[in-house]
Protein chains: 2
Amino acid sequence: MQIGELARSTGVKIETIRYYEREQLLPVPQRTDGNYRLYSPRHVEQLRFIRYCRSLDMSLEEVRILIGVLDTPSGSCQTVNALLDEKIVEVDARVNELHKLQDQLRQLRGHCQQPDEVKTCGILMELNRSAGIDKAQI
Amino acid sequence: MQIGELARSTGVKIETIRYYEREQLLPVPQRTDGNYRLYSPRHVEQLRFIRYCRSLDMSLEEVRILIGVLDTPSGSCQTVNALLDEKIVEVDARVNELHKLQDQLRQLRGHCQQPDEVKTCGILMELNRSAGIDKAQI
DNA sequence: GAAAAGCCTGAAGTGGCTTCAGGGTCAAGG
DNA sequence: CCTTGACCCTGAAGCCACTTCAGGCTTTTC
Ligand SMILES: [Zn+2]
Ligand SMILES: [Zn+2]
Ligand SMILES: [Zn+2]
Ligand SMILES: [Zn+2]
């Protein structure tokens with residue numbers, strides 16, 4: 001299986017696959033006489049694993065760690081648990097931030113119902129006012 | 001006021017301030033004889049404006065647009081409204097994604113209560129299983 | 001007069017890719 | 001046999017919003 005087919009069958013761009021190889025996330029594949037990469041089912045599996053971890057918001061460094069753990073099957077899975085716990089805390093925090101942001105954005109948007117002149121626009125006035133308040137708080 | 005004081009009074013790193021100047025988000029300041037930058041209250045205001053917009057998740061390009069709008073006070077504020085509406089949609093979408101992610105992470109974490117061997121860890125088994133399912137779905 | 005604190009510049013590094021420039025390889029069609 | 005087109009290769013640069021680094025100048029303080 002060459003790179004194009006791997007790309008099609010996983011939905012990962014060819015350049016990304018080559019990038020993962022450079023980053024040592026995918027094992028170096030065999031080559032044909034014409035220097036084309038040749039992938040095995042094991043590569044397909046590992047690539048899917050990487051993408052699934054990425055979809056869970058893990059960094060490539062974290063994925064690298066998980067792959068390392070998988071390669072020592074008799075070790076403990078404590079690293080994995082810690083990594084997930086940390087990730088959960090991170091995501092929760094980010095969600096809280098974004099909820100606040102949603103409130104702020106909607107409130108700000110409410111300051112201008114229909115477009116008016118820049119100099120009297122409630123949004124712009126509010127943006128400047130809020131920047132000033134932040135100043136007072138610091 | 002020189003750069004260190006501006007940095008302290010706004011909580012923005014010196015390097016970031018210089019970066020904003022290079023990116024033309026802050027007007028070029030005066031210089032002392034010793035070539036030190038000298039800032040006016042107007043700079044303070046604009047820097048705060050930038051940071052407040054950034055805290056609302058706007059890109060520097062969007063901030064640049066807003067600053068441009070502010071500089072033409074007789075124009076319409078339609079750009080501002082459109083920008084905010086788009087931002088609200090973006091943030092809502094991101095929040096929905098993260099909520100799904102929270103569910104997935106917690107469910108995954110539930111697959112390993114106390115650390116065991118890598119080869120029997122429910123989390124790792126689940127990670128591999130889910131990556132495989134994604135495969136079947138594509 | 002020397003150390004410390006503050007400032008300067010230009011370049012490179014970060015993450016996770018994407019894009020680009022400039023090629024080589026291989027199967028099918030004329 | 002040759003050309004077209006699909007496919008593949010490499011190394012380098014670009015993206016964003018900064019941060020870090022290397023190496024040096026200015027000003028203040030003891
Ligand atoms: Zn308005
Ligand atoms: Zn208000
Ligand atoms: Zn486990
Ligand atoms: Zn499950």
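Heavy atoms only: backbone and side chains are in, while hydrogens, waters and symmetry mates are out. Here is the naming used below: chain letters follow the sequence lines, and residue numbers restart at 1 for every chain.
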| task | Ignoring backbone atoms, test whether A:Lys13 places a side-chain nitrogen or oxygen under 4.0 Å from the OP1 or OP2 oxygen of C:dG16. | result | no
| Step by step, would you call A:Phe49 with B:Leu127 a side chain to side chain contact (heavy atoms under 4.5 Å, CB included)? | CA-CA 7 Å; A:Phe49 180 82; B:Leu127 273 173; 3.7 Å; yes
Pairwise N/O distances under 3.5 Å, protein to nucleotides 23-25 of chain C:
residue	atom	partner	partner atom	Å
C:dG24	N2	A:Tyr36	OH	2.7
C:dT25	O4'	A:Tyr36	OH	3.4
C:dT25	O2	A:Tyr36	OH	3.0

| field | CD1-CD distance between A:Ile3 and A:Glu15, expressed to the nearest 0.5 angstrom | value | 8.0 Å
| Cluster question for you: counting only ILVMFWY and a side-chain heavy-atom cut-off of under 4.5 Å, with indirect links fine, are A:Tyr36 and A:Val12 together? | no
| remark: Footprint ends on DNA chain D, 5' to 3', for atoms under 4.0 angstrom from a heavy atom of chain A, come out as D:dC7 to D:dT10
| note | Taking five pairs at each terminus, the helix from C:dG1-D:dC30 to C:dG30-D:dC1 shows an axis bend, to 10°, of 30°
| Between A:Glu97 and A:Lys100, is there a salt bridge with N-O shorter than 4.0 Å? | no
| Has A:Thr16 got a side-chain N or O lying under 4.0 Å from the OP1 or OP2 atom of C:dT18? | yes
| task | Grab the CZ-P distance between B:Arg31 and C:dC7 for me, whole Å please. | result | 12 Å
| field | Residue pair B:Met1 / B:Ser9: nearest heavy atoms and the distance that separates them | value | CE-OG, 3.8 Å
| said: Give me the atom names and distance for the closest heavy-atom approach of B:Leu60 to B:Arg54. | reply: CD2-CD, 3.4 Å
| query | Which heavy atom of A:Cys112 sits nearest a heavy atom of B:Asn81, and at what distance? | reply | SG-ND2, 3.4 Å
Sequence neighbours excluded and cut-off under 3.5 Å, please list the side-chain donor-acceptor pairs for residues 64-75 of chain B, or say none.
residue	atom	partner	partner atom	Å
B:Arg64	NE	B:Glu61	OE1	3.2
B:Arg64	NH1	B:Glu23	O	2.5
B:Thr72	OG1	B:Val69	O	3.1

| query | How far apart are the closest heavy atoms of B:Pro29 and B:His43, and which atoms are they? | reply | CA-NE2, 4.0 Å
| field | NZ/NE/NH1/NH2 to OD/OE distance under 4.0 Å, A:Arg129 and A:Glu126 | value | yes
| said: What is the distance, to the nearest angstrom, from the CD1 atom on A:Ile14 to the C1' atom on C:dT19? | reply: 14 Å
| message | Considering every strand and a 4.0 Å limit on heavy-atom distances, what is the contact class for B:Arg18: base, sugar-phosphate, or nothing? | response | base
| field | Shared hydrophobic cluster for A:Leu56 and A:Val63 (ILVMFWY, side-chain gaps under 4.5 Å) | value | yes
| query | Taking OP1 and OP2 of C:dC8, is either one under 4.0 Å from a side-chain nitrogen or oxygen of B:Arg37? | reply | yes
Quick one: side chains of residues 114-125 of chain B, donor-acceptor pairs under 3.5 Å with protein atoms, not counting sequence neighbours, listed by atom name and distance.
residue	atom	partner	partner atom	Å
B:Glu117	OE1	B:Lys119	NZ	3.4
B:Thr120	OG1	B:Glu117	O	3.3

| field | No-hydrogen, no-angle side-chain donor-acceptor test under 3.5 Å, B:Gln104 and A:Tyr52 | value | yes
| Do A:Lys87 and A:Glu90 meet the salt-bridge criterion of a basic N to acidic O distance under 4.0 Å? | yes
| field | From C:dC7, C:dC17, C:dT19, nucleotide with atom closest to A:Glu15 side chain | value | C:dT19
| Taking only N and O in the side chain of A:Tyr20, is any of them less than 4.0 Å away from OP1 or OP2 of C:dC17? | yes
| Within residues 57-68 of chain A: residues closer than 4.0 Å to DNA chain D (heavy atoms) | none
| query | Contact class for B:Gln2 vs. all strands (heavy atom < 4.0 Å): base, sugar-phosphate, or nothing? | reply | sugar-phosphate
